[in-house]
Structure formats: C-alpha cells, structure tokens
Amino acid sequence: MPAVLFRSTSDSAPAWEEMLKQRIPGLDFRAWPDVGNPEDIEFVLAWKMPPGTLDGMPNVKCICSLGQGVDHIFADPGLPEGAQIMRLVDPWMSQAMSEWVLLHVLRYHRQAPEYEELRKSKTWTALPAPDTASRKVGILGLGALGADAASKIAALGFDTAGWSRTEKQIDGVKSYYGEDQLMDFLGRTEILCCLLPLTKATEGVINAKTLAALPKGAFVINSGRGGHVVEEDMLAALDSGHIAHAALDVFRTEPLPQDSPFWEHPKVDLWPHVSAQTNPVSAGDQVADAIRKVFSGEAPDNLVDPKVQY
Ligand code: NDP
Ligand code: OXD
C-alpha cells in the first residue's frame, strides 16, 4: 500500500494515526520527519508545512489540508506537479465557528464593551435598548462556514446579509456578490464578520477603504485569516473610533508577536486562532474516505480549484 505523510505544526500526529488506522487497517502512516522512502508518499496530510517539504516526492497525488483553509498549502511555490489539493469540510467545525461568531455578534449587539467600560467607574446606567430586527449583520464569505453562521444569525432575527463571489439563496440572508456589490454590502453592515478564504483576490480586503465604507461605530469580527486585514488600517480605524470594537482570531503573523499593539488594545477582543479547531474524530471518516479514493485512482471530495485558490 502507498504511504500517507503527516506534517503539522500541532502535535496531533498520534491522534490522526490512531483514528486513520482504525478506519484503514494496515495503513502506512508516516509522521514527519520519519518519511522513509519519499517515493512511497502518495497522500499528504498537512498543516502549515514549510515550503519544500514535498521536494523529492514525485508520487504525491493529493495534499489534504488539516483544516478548512488551504492558503497554507498554496504558500508553497514548489508543490509536486499534478498533485490535487483538498480540504476538510466538517459540520463540527461549522458549529464551532458559528458559536464563536455568534458570541461576538451578541456581545457587540448587547453593548457588552460599553457596559464593561461603565463598570470600571461603578456606573449603574442603562443604555438605549438595542433592536435585533434592525441590527444589520454582514458576513464576508458564504461557504461552508459563512453560510452556517449567516443562517444562525438570521434565525436569531438579525437583518442579515452576506457577500460572496457568486449569488446565493439562503433563507433570511440577503445575497450580495462580486466586486461591484461590495461597497453597497459594507454600507449597510453594522457588524461585519469575515469568513473568506485567503486568496490573491481577498488579501487585504479589510483595509482603510473598506473600513471607511462601514457605518461609523461598526464592529468587525475576523476569523478568516490575518491576511484579510491590513493591520495598520484596522488600528487606525479603531483609534479614530470609526470602528467601535473588533474580535480577532487570526493575525498576519502567528503566534502574534509579543510587541504587537493588538495584545493590549482596549477595543480588541483577541483569540489565538481557535474559533474552529480541527477535530480528528469528527473529520476522520472524510479523510479516510479521501485516502481510499486517492489510492484507488478516484478523485476525493472537497477538492479546491487552484485557479481561485479555495
Ligand atoms: P469555502 O470555500 O466553503 O467558502 C468560501 C466563501 O468565500 C464562498 O462563499 C466564496 O464565494 C467566498 N469567496 C471566495 N473568494 C471570494 C471573492 N474573491 N469575493 C467574494 N467572495 C469570495 O470556505 P469555508 O467556509 O470552509 O472557510 C472559509 C475560511 O475560514 C477558510 O479558508 C479559513 O481561512 C477560515 N477558517 C478559519 C478557522 C479558524 O479557526 N479561524 C477555521 C476554519 C476555517 P462562492 O460561494 O461564490 O464561491
Ligand atoms: C482552518 C483553520 O483553516 O483552523 O481550518 O484555520
């Protein structure tokens, strides 16, 4: 049987090995750096593998992201020729992500940062009560994660819209699509959530111009990728008060450098890239299925299109 190579920044190799061997007895599972003969490797399970990891592995047929995003794979300019790239699409992760997004939508809608500020001066006062039906929430990206979050936000009664590359039909969610409709979408959005993939087309999509297009006092929630945000522009918008508060789970450099101004910024809720963590148990069947298909010459599910990079 051909071999599977595992390389990740996390220490999850033993959990993946156990889970995959339960499903594919006798699987030849090799965890980096114990590659053995590189020509045996046909399937790669990867999370942020350093560029060049797959040099000298001419028989790699498929590289599977150990997450839903694949930007970390496309970051390697020297991938084996002809290798297909696939990703996880896991309802367990969609649920986790929607919980994280909802946590912040509700937090901002219910004025938690303002009440936390009032508490500091022991001020007992009521702010005007917020109205859910007129609160405009907008999701950038309506894929596996964005569509789930948007549906759940809409189900709570928020005025919900989403922006994607192609038009969508999701109950209770107004669809904006394409570059031409981005500014209109932003202009109506009081709480913006980013669940886009990081590609050449979406890099830096949250910048001075797009932030300025949001209404004054808007909130930004980003759990897409750090590369979606021009960090200096975000800091300037927070400092000027145009953006009231931001919840950031992802950053351009991770782990976040010790000297990053985000650590101590009073208007930033900061998380260490954990809004939807990969779970080998919930993702096990789909990865085992993909390995079986690739080893028998079939195309696995959840392939990404290299032309659009997602
Ligand atoms: P999908 O590929 O399922 O969805 C991507 C969505 O973005 C689609 O709706 C797509 O539009 C839209 N999109 C892509 N490019 C553009 C563009 N140029 N203009 C407008 N819309 C665009 O991705 P997932 O929902 O599975 O995941 C999204 C991202 O979330 C991942 O790539 C990853 O970066 C991030 N993520 C973060 C995690 C965390 O813990 N922080 C965990 C998991 C994922 P269309 O539908 O028209 O194709
Ligand atoms: C992912 C992630 O892409 O965890 O799955 O960021």
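Keep in mind that the numbers below use all heavy atoms, side chains included, and drop hydrogens, waters and symmetry copies. Order of appearance sets the numbers: ligands from 1, and atoms from 1 within every ligand.
Put simply, the side chain of P50 reaches to within 4.5 Å of the side chain of R7, judged on heavy atoms. At a threshold of 4.5 Å between non-hydrogen side-chain atoms, the residues M57 and L5 count as touching. Inter-residue side-chain proximity for K48 and E254 is flagged as met; some heavy-atom pair is nearer than 4.5 Å. Contact check for V308 versus T199: no side-chain heavy atoms found under the 4.5 Å cut-off.
Heavy atoms of M93 come nearer than 4.0 angstrom to ligand 2 in at least one pair. Residue S223 places a heavy atom less than 4.0 Å from ligand 1. Under a 4.0 Å heavy-atom criterion, L196 is in contact with ligand 1. In this structure, E167 falls outside the shell of residues with a heavy atom less than 4.0 angstrom from ligand 1. In this structure, K168 has a heavy atom closer than 4.0 Å to ligand 1. Every heavy atom of R87 sits 4.0 Å or more from the atoms of ligand 2.
Ligand 1 places these atoms under 4.0 Å from at least one heavy atom of R225: 33 (C), 34 (O), 35 (C), 36 (N), 37 (C). Residue contact check: T202 has heavy atoms under 4.0 Å from atoms 15 (N), 16 (C), 17 (C), 18 (N) of ligand 1. Residue-ligand proximity, M97 to ligand 1, at heavy-atom distances under 4.0 Å covers atoms 37 (C), 38 (C), 39 (C), 41 (N), 42 (C).
Applying the 6.0 Å contact sphere to CG of D131 captures more than 12 heavy atoms from other residues, nucleotides or ligands. Crowding of R110 atom CZ: a count of heavy atoms from other residues, nucleotides or ligands under 6.0 Å not exceeding 12.
Under 4.0 angstrom from ligand 2, there are no non-hydrogen atoms of S65. With a 4.0 Å heavy-atom cut-off, ligand 1 is reached by no atom of V70. Using a 4.0 Å cut-off between heavy atoms, V89 makes no contact with ligand 1 at all. Residue-level proximity to ligand 1 for L145 is carried by backbone and side chain together, each with a heavy atom below 4.0 angstrom.
Each of Y115, F219, F158 was scored for a ring pair (Phe, Tyr, Trp, His ring centres under 6.0 Å) with Y108, with one residue passing: F219.
Protein heavy atom closest to atom 8 (C) of ligand 1, with residue, atom name and distance, is G143 N, 3.7 Å. The nearest heavy-atom contact from the protein to atom 5 (C) of ligand 1 is P197 CD, 3.5 Å. Protein heavy atom closest to atom 19 (N) of ligand 1, with residue, atom name and distance, is W163 CH2, 3.2 Å. What sits closest to atom 11 (O) of ligand 1 on the protein, heavy atoms only, is R165 N, 3.2 Å. What sits closest to atom 39 (C) of ligand 1 on the protein, heavy atoms only, is S275 OG, 3.3 Å. Nearest protein neighbour of atom 23 (O) of ligand 1, counting heavy atoms only, is R87 NH1, 3.7 Å. Ranking protein heavy atoms by distance to atom 2 (O) of ligand 1, first place goes to Y310 CD1, 3.3 Å.
The minimum heavy-atom distance linking D28 with P2 is given by the pair CB-O, 4.0 Å.
At under 3.5 Å, not a single nitrogen or oxygen of V274, backbone or side chain, sits near a nitrogen or oxygen of ligand 1.
The heavy atom nearest to atom 4 (O) of ligand 2, out of those in R225, Q68, H273, is found in H273.
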